[in-house]
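Everything on this sheet refers to the single structure shown next.
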Amino acid sequence: MEFQLPMTGFVALYVFMLAGFAGWVIIGRVPAILHTPLMSGSNFVHGIVVVGGVFALLNAGTTLERAIGFFAVLLGAGNAAGGYAVTKRMLAMFTTSASPIHPPKKARKSPGPAKAAAAKKD
Amino acid sequence: MFTALPPFLIIATDLVAAFLFLYGLKRMASPVTASSGISFAGVGMLAAVLVSFLYVFGVDEAARPHLAVNIGLALLALVVGGGSAWWSGKKVAMTAMPQMVALYNGMGGGAAAGIAAVEVFGGKVRGSTDLSVTLVGALIGAVSLSGSLVAWAKLDGVITKPLQIRGQQIFNGLIVLATLAVGGYLVVAARGGAALSTAMPGWIWIFLGGALLFGILMSLPIGGADMPVLISVYNACTGLAVGLEGFVLKNPALMIAGMVVGAAGLLLTQLMAKAMNRSIGKVLFSHFGPAPKHKQGAIVGSLKPVDAGDAGIFMRYAHSVIIVPGYGLAVAQGQQKLYEFVKLLQAAGVGVKFAVHPVAGRMPGQMDVLLAEAEVPYDLIFQLDDINPEFEHTDVVLVIGANDVVNPAARTDKASPIFGMPILDVDKAKKIYVVKRGEGKGYAGIVNTLFYAENCQMVYGDAQVVLTKMIAAVRGLGAGGAAKSRKAA
């Protein structure tokens, strides 16, 4: 088995087309309120470039390749780790009136607001 | 068997990672599931990075003698790059999120360009198609790197003024054409049998340098209000560059992740541009002039200042209040105080909602995050289209730190540079209070006709100070009522 999948131009175009379409549809359903975490989250996802960086660096034969490869991994790792850290932090802050940190409103609503809210959001 | 196992593990893990990325992003469709979604994606990323070290079982002949060094360098780069970014990401203030995202994004673009450079300098790219794709990916990635760094510097206040020179568009265009021409020359030369890495490394450097230069030149003239669009564009660019390098490395996980992000960036860019009523092309290639020289429509009325305490008490006795927060609120760090005030109003039985404009903040949705940070529940936060019909039935609108996004001139004054931009129709409410530091103009430098309207009053002062006064005034008079309803709750 080869390390690199045999991939001709047209197979690549199929992958690109389907991935682009899937991305468009999935992202289109993200509400505006989450657009900042979405942007940093998708930013995190393209941090997968670090894997390509590791591949390039491991296969580096000359000092120049090694130097550039090192920076590619350095930057890619920063992209992935930083993107994850900020996205996770932001998403942890989004809460409803029904969640435990907002007791006053919970008490006024009819019983089971958490369930109702969760059901509506799904 | 032993030789077949590492490639199988890598390819299978990458497949799982690609699935987890898509599934994680899909879970972002609701704030309820979003946090777990990013965890799924994180697991995929971690697994993909770990198995990527299995590539050691299949390295090129040329790299064999250096394998130990290369592994050490890779580990070092992962720990240093990942560790420092993780640390900065944990520490950064929510108001500084746009520049942080720009920075991480630029790093991704730089990594993609770096991979392309290693492949080209190492002479590993076979065939004209692969070489062209590598170079295009390198171009986009390098533009994203240098452009994002300039965007970061601007958002962080290192560069304060948009730099605009006469004939800049033509000059930028020439740089792009020259860079593309060098790229084309490289492809043609490689087709003719030249070994690029040994015969013409200078041209490869010129190509990369041209791309970096263009990224800088493209970002420099773009100013404040257009920054969200610029960040979205670079996000899409990095995604595209990653996808293209994924094709070169024959790694479908990179291709899928890159393309999905490319599509996401494009979609967000479109949404942003629509919210500002400016085409993407206009944002990138023609800019708000240094000072708008258009004729301002005649202003009727006068500015009517009011005391913060009085405004607070008026809202306490209103039936419904909508709050329009803008970036000025974040600058004054007033989100916590604002929600404290809102809780007082809610305790007194006032219906309170937040109305957020898509371009409130320096990146899409930033104001929503800042409100979430202040523990405002997201079911109180409404977006432009959902809340606009409600303004005419609303007693009081409190505008804090927002300006251009509530300027009715966007609806009425054809000469205004923001004419046609979707705005929050706050002028239709019965009463409007605008909290503002002084009589200055907004980001676009346009006079806001709302401030002169009959039903609008100005509360001058720093947002945090004003809110503190409002809280004190409402507490002072409503002590009995407010306390009772809170006890009941």
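Labels below follow one simple rule: chain letters A, B, ... track the order of the sequence lines, proteins then strands, and each chain is numbered from 1.
Highest contact tally toward chain B, considering only A:V86, A:I26, A:L58, A:V11, is held by A:L58 [criterion: heavy-atom pairs under 4.5 Å]. With respect to chain A, the highest number of heavy-atom pairs below 4.5 Å among B:L25, B:V59, B:I38, B:V101 belongs to B:I38. Chosen from B:E119, B:E373, B:M367, the residue pairing most often with chain A at heavy-atom distances under 4.5 Å is B:E373. In terms of heavy-atom pairs under 4.5 Å with chain A, the best-connected choice from B:M28, B:K90, B:M97 is B:M28. For the set A:V45, A:V15, A:V25, A:V30, the count of heavy-atom pairs under 4.5 angstrom toward chain B peaks at A:V45. Contact count against chain A (heavy-atom pairs under 4.5 Å) is highest for B:T238 among B:T238, B:T129, B:V56, B:V49. Each of A:N43, A:L91, A:I27, A:I68 has some count of heavy-atom pairs under 4.5 Å with chain B, and the biggest count is that of A:N43. Between chain B and the options A:A32, A:A80, A:G69, A:A67, the largest number of non-hydrogen pairs under 4.5 Å is found for A:A32. Between chain B and the residues A:M17, A:M39, A:M90, the largest count of heavy-atom pairs under 4.5 Å involves A:M39. Contact tally against chain A (heavy-atom pairs below 4.5 Å) for B:G42, B:A18, B:A117: the top residue is B:G42.
Looking at B:E245, neither its backbone nor its side chain comes within 4.5 Å of chain A, counting heavy atoms on both sides. Neither the backbone nor the side chain of B:V356 comes within less than 4.5 Å of any heavy atom in chain A. With a 4.5 Å cut-off on non-hydrogen atoms, B:L271 touches chain A through its side chain but not through its backbone. Contact annotation for B:V69: only side-chain heavy atoms (C-beta onward) come within less than 4.5 Å of a heavy atom of chain A.
Using a 4.5 Å heavy-atom threshold, the side chains of B:L78 and A:V73 count as touching. A:W24 has its side chain within reach of B:L267: a pair of non-hydrogen atoms, C-beta onward, lies under 4.5 Å apart. For the pair A:F44 and B:M45, the minimum side-chain heavy-atom distance is below 4.5 Å. Between B:N70 and A:E65 the shortest side-chain heavy-atom distance does not fall below 4.5 Å. Side-chain contact between A:Y84 and B:S39 is present, with at least one heavy-atom pair separated by less than 4.5 Å. Under the 4.5 Å side-chain criterion, counting only non-hydrogen atoms from C-beta, A:H35 is not in contact with B:Q366.
For B:R64, the salt bridge (charged side-chain N to carboxylate O under 4.0 Å, His left out) test picks out B:E61, with sequence neighbours left out.
Between A:F55 and B:Y55, the ring planes lie perpendicular to each other; the angle is over 60°, past the 30° to 60° tilted range.
A:A72 and B:A111 get closest at one heavy-atom pair: O-CB, 3.3 Å. The nearest pair of heavy atoms linking B:A34 to A:L34 is CB-CD1, 4.1 Å. The heavy-atom pair separating A:V54 from B:S52 by the smallest distance is CG1-OG, 3.5 Å. Shown here for A:G53 and B:I115, the closest heavy-atom pair between the two residues is N-CD1, 3.4 Å. Nearest approach of B:A63 to A:A60, heavy atoms of both residues: CB-O, 3.4 Å.
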Listed pairs under 3.5 Å, donor-acceptor, residues 251-263 of chain B side chains, sequence neighbours left out:
{"from": "B:N251", "atom 1": "OD1", "to": "B:A253", "atom 2": "N", "distance (Å)": "2.9"}
{"from": "B:N251", "atom 1": "OD1", "to": "B:L254", "atom 2": "N", "distance (Å)": "3.4"}
{"from": "B:N251", "atom 1": "ND2", "to": "B:D14", "atom 2": "OD2", "distance (Å)": "3.3"}

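With rounding to the nearest 0.5 angstrom, the CG atom of B:D60 is 4.0 Å from the CG atom of A:N59. Within the model, atoms OG1 of A:T36 and CE of B:M363 stand 4.5 Å from one another, a figure rounded to the nearest 0.5 Å. How far CZ of A:F94 is from CD of B:E375: 13.0 Å, rounded to the nearest 0.5 Å. We find the CG-CZ distance between B:L73 and A:R66 to be 7.0 Å, quoted to the nearest 0.5 Å. Separation of atoms OG (A:S40) and CG (B:N105) is listed at 11.0 Å; rounding is to 0.5 Å. Going from atom CG of A:L57 over to atom NE2 of B:H66 covers 12.0 Å, rounded to the nearest 0.5 Å.
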